[in-house]
2 protein chains.
Amino acid sequence: MYYLVIRWLLADKEPDMLKVTIKLDINENLYLKNPEETELGRRIVENGILLIDEIGFESFTFKKLAEKISSTEASIYRYFENKHLLFIYLVNWYWEWMKFRVGFYTMNESGPVEKLKAAIRVIVDTSQRSTSVDYVDTEVLHRIVVTEGTKAYHKKNVDEENKEGFFLSYKALCGKLADIILEVKPGFSYSRSLASMLIETANNNIYFARHLPRLTDIRYKAGFLDEVVRMLYTFALGCIHGEGS
Amino acid sequence: MYYLVIRWLLADKEPDMLKVTIKLDINENLYLKNPEETELGRRIVENGILLIDEIGFESFTFKKLAEKISSTEASIYRYFENKHLLFIYLVNWYWEWMKFRVGFYTMNESGPVEKLKAAIRVIVDTSQRSTSVDYVDTEVLHRIVVTEGTKAYHKKNVDEENKEGFFLSYKALCGKLADIILEVKPGFSYSRSLASMLIETANNNIYFARHLPRLTDIRYKAGFLDEVVRMLYTFALGCIHGEGS
DNA sequence: TCAAAGTTGATAGTTTTACTATTATACAAA
DNA sequence: TTTGTATAATAGTAAAACTATCAACTTTGA
């Protein structure tokens with residue numbers, strides 16, 4: 001159901017920068033018409049991300065997005081039922097992309113602890129290796145997930161949406177991390193909780209450092225993401241080895 | 001600026017149950033007119049909690065609330081500028097109440113580790129000792145904070161709202177927990193991050209157990225909160241003692 | 001090459017939400 | 001009695017969140 005098609009394109013202008021085209025298959029129930037397959041669909045996704053980042057999800061409307069892309073409200077409604085589903089689509093895109101990156105960057109690590117550390121670096125820092133993904137600005141997408149991503153699954157009707165499979169990608173990402181944790185300590189009782197905690201804590205501390213600094217020890221300055229990474233190393237390994245004591 | 005006035009009333013019908021009237025002073029910028037001071041105001045708060053729990057925050061409107069309490073939209077607008085501020089008011093109420101409970105239940109613990117454990121129990125389990133707080137149903141309030149509490153501070157205009165002091169109670173609660181952590185291990189580098197992580201992780205795992213079970217190892221059944229408590233003991237002590245390794 | 005099918009843009013309209021304003025009434029304090 | 005304060009009742013506006021229709025254009029495919 002979920003798979004990735006990767007195409008590597010060597011940009012001749014900037015030889016050390018790889019241009020990656022990721023094609024993600026995202027739950028079909030999330031859209032009325034697959035936005036990946038048309039020019040307009042891709043513009044909706046691309047500019048949807050930018051507009052939510054600019055004005056926030058609450059102020060975001062299809063009307064404003066239509067203006068931004070010189071199209072109409074009605075046209076956008078042909079792709080997405082409403083703005084909430086567009087948002088969940090974007091967050092799923094992010095999770096799928098993260099899942100791919102975790103796999104990619106842990107692949108060549110030698111031991112399980114090194115794998116876990118690599119996974120943590122991936123979760124925290126989205127700018128690594130300056131990959132760019134064609135019509136999706138992953139830096140901006142990361143920012144909106146950090147800022148308002150939890151709204152995707154914190155609501156009254158989660159159970160319905162969960163039945164439709166809207167959160168499968170998050171569960172898969174979480175499962176992938178949990179597997180790495182289990183490699184570090186087979187039989188560990190809290191692998192899934194630790195996995196989801198690491199993801200949520202990464203995002204929270206990035207957000208808190210910027211906006212609510214008294215909720216974190218991370219100070220927002222150049223290279224602060226490295227500090228988040230170091231903290232999560234401590235937390236992850238502490239939790240894993242703390243069991244039993 | 002923030003203080004608590006506690007009044008203990010022994011309910012003669014149920015001698016082992018204490019009826020507590022907590023009067024919390026909550027940031028004045030959150031309301032136009034203090035809802036604690038009038039009958040209508042208290043009904044707005046009481047039924048606002050119940051209605052958000054019933055239909056979810058997105059579907060919640062002042063019009064529906066007005067119907068529920070047989071009043072009018074316009075009357076509710078005299079207390080709160082909009083539903084977001086009512087929500088932040090409620091979440092602040094929750095944080096203030098938690099702060100009080102953490103203080104109260106850690107007070108008599110002997111060592112710092114026991115204090116930390118007591119604090120964790122308080123954060124996870126709101127039903128302890130079956131205290132009831134007059135017009136606020138704390139069980140229901142806890143449920144809406146678990147379900148949608150993060151929306152209070154995950155949005156585009158956090159910075160403005162933060163300047164108005166809307167999150168001081170959360171910071172204070174977090175600070176209180178961080179102080180306990182520092183008693184356990186003086187000089188620990190991540191006391192605040194660990195504190196906010198424990199609060200968020202408690203809420204997340206309660207929520208995940210019910211709605212997204214693949215994101216947690218906690219299974220939703222009778223007594224599952226004890227399992228959350230045990231997990232957080234492991235995590236907290238692991239993180240604290242893991243530093244340096 | 002012609003017709004059918006599909007896509008988008010333009011326009012218009014509905015219902016609900018999120019407010020604001022005005023007035024009348026009831027009740028309490030001075 | 002006067003004054004003030006709180007609330008209810010009513011009305012109204014602007015924007016958000018859709019839905020429907022139709023014409024123009026492009027693509028497909030027979």
Side-chain angles (χ1 to χ4, degrees), chain A residues 28-48 51-90 135 148 151-152 155-157 160-161, chain B residues 28-48 51-52 54-90 135 148 151-152 155-157 160-161 166:
Chain A
E28 289 178 1
N29 299 319
L30 283 168
Y31 49 77
L32 300 169
K33 187 173 156 58
N34 194 338
E36 286 178 283
E37 286 168 1
T38 67
E39 169 62 22
L40 180 63
R42 288 186 293 267
R43 276 196 297 145
I44 290 170
V45 170
E46 176 178 8
N47 292 281
L51 189 54
I52 291 171
D53 181 56
E54 269 173 54
I55 63 177
F57 181 65
E58 330 296 326
S59 309
F60 171 85
T61 67
F62 278 1
K63 196 171 185 180
K64 290 175 188 167
L65 178 55
E67 268 170 51
K68 196 180 171 83
I69 62 176
S70 307
S71 180
T72 63
E73 233 183 321
S75 295
I76 299 174
Y77 274 106
R78 285 192 199 101
Y79 284 85
F80 294 99
E81 262 183 74
N82 54 55
K83 70 171 186 169
H84 297 278
L85 291 185
L86 167 58
F87 185 64
I88 298 178
Y89 177 90
L90 297 177
Y135 63 94
E148 3 208 14
K151 287 172 197 166
K155 51 175 128 177
K156 191 66 188 173
N157 64 334
E160 290 163 46
E161 296 192 341
Chain B
E28 288 179 3
N29 299 320
L30 283 167
Y31 49 77
L32 299 169
K33 186 172 154 62
N34 194 339
E36 287 178 283
E37 285 168 3
T38 67
E39 169 61 23
L40 180 62
R42 287 185 294 266
R43 278 196 297 145
I44 290 170
V45 170
E46 176 178 9
N47 292 280
L51 189 55
I52 291 171
E54 269 173 53
I55 63 177
F57 181 66
E58 330 296 326
S59 307
F60 171 85
T61 65
F62 279 0
K63 196 173 186 178
K64 291 175 189 167
L65 178 55
E67 269 171 50
K68 196 180 172 82
I69 62 176
S70 306
S71 179
T72 63
E73 234 182 320
S75 295
I76 298 174
Y77 274 107
R78 280 191 209 99
Y79 285 85
F80 294 100
E81 261 183 76
N82 54 54
K83 70 171 185 171
H84 297 278
L85 290 186
L86 167 57
F87 185 64
I88 297 178
Y89 176 90
L90 296 178
Y135 63 95
E148 2 208 16
K151 288 170 197 166
K155 51 176 130 177
K156 192 65 189 175
N157 65 333
E160 289 164 47
E161 296 192 341
F166 291 176

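So that the names make sense, note that chain A is the first sequence line, chain B the second, and so on, each numbered from 1.
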Tell me whether the side-chain N/O atoms of [X] come closer than 4.0 Å to OP1 or OP2 in [N].
X       : N      : answer
B:Ser75 : D:dA8  : yes
A:Thr72 : C:dA10 : no
B:Tyr79 : D:dT7  : yes

query: Does atom NZ of B:Lys63 have more than 12 heavy-atom neighbours from other groups under 6.0 Å away?
result: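 Atom NZ in B:Lys63 is not packed in, count stays at 12 or less.
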Q. Going by atom types only, do A:Tyr79 and A:Thr38 share a side-chain donor-acceptor pair under 3.5 Å?
A.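 Note: A:Tyr79 and A:Thr38 side chains meet the donor-acceptor criterion.
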Take atom [atom1] of [X] and atom [atom2] of [N], then tell me their distance rounded to the nearest Å.
X       : N      : atom1 : atom2 : result
A:Ile44 : C:dT8  : CD1   : C1'   : 11 Å
B:His84 : C:dC19 : NE2   : C1'   : 12 Å
A:Glu39 : C:dT8  : CD    : P     : 10 Å
B:Phe62 : C:dT16 : CZ    : P     : 20 Å
B:Ile69 : D:dA8  : CD1   : P     : 8 Å
B:Arg42 : D:dT7  : CZ    : P     : 11 Å
B:Glu81 : C:dC19 : CD    : C1'   : 11 Å
B:Glu67 : C:dT16 : CD    : P     : 12 Å

Less than 3.5 Å between a donor and an acceptor, one on the side chain of B:Glu73 and one on the base of C:dC19, is that the case here?
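Answer is yes: a donor-acceptor pair is held.
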Given [options], identify the nucleotide with an atom nearest to the side chain of [X].
X       : options               : result
B:Tyr77 : C:dT20, D:dA8, C:dT8  : C:dT20
B:Arg78 : D:dA8, C:dG9, D:dA6   : D:dA8
A:Ala74 : C:dT11, D:dA8, D:dA6  : C:dT11
A:Ser71 : C:dT8, D:dA17, C:dG9  : C:dG9
A:Lys64 : C:dT8, D:dA16, D:dC18 : D:dA16

| said: Between B:Lys64 and B:Glu67, does any NZ, NE, NH1 or NH2 come within less than 4.0 Å of an OD or OE carboxylate oxygen? | reply: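 B:Lys64 and B:Glu67: not salt-bridged.
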Short N-O contact, A:Glu54 and A:Lys68, less than 4.0 angstrom: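 Looking at A:Lys68 together with A:Glu54, the answer is yes, because their closest N to O distance falls below 4.0 Å.
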Upstream residue (5' side of DNA chain C) when A:Leu40 and B:Phe60 are each assigned their closest nucleotide =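 Result: A:Leu40.
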Geometric cation-pi criterion, B:Lys156 with A:Phe57: 6.0 Å, 45°: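 No cation-pi geometry.
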Item to complete: Give B:Lys63 one of three labels, base, sugar-phosphate or nothing, depending on what nucleic acid heavy atoms sit under 4.0 Å from its own.
Response: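 The residue B:Lys63 makes no contact with any strand.
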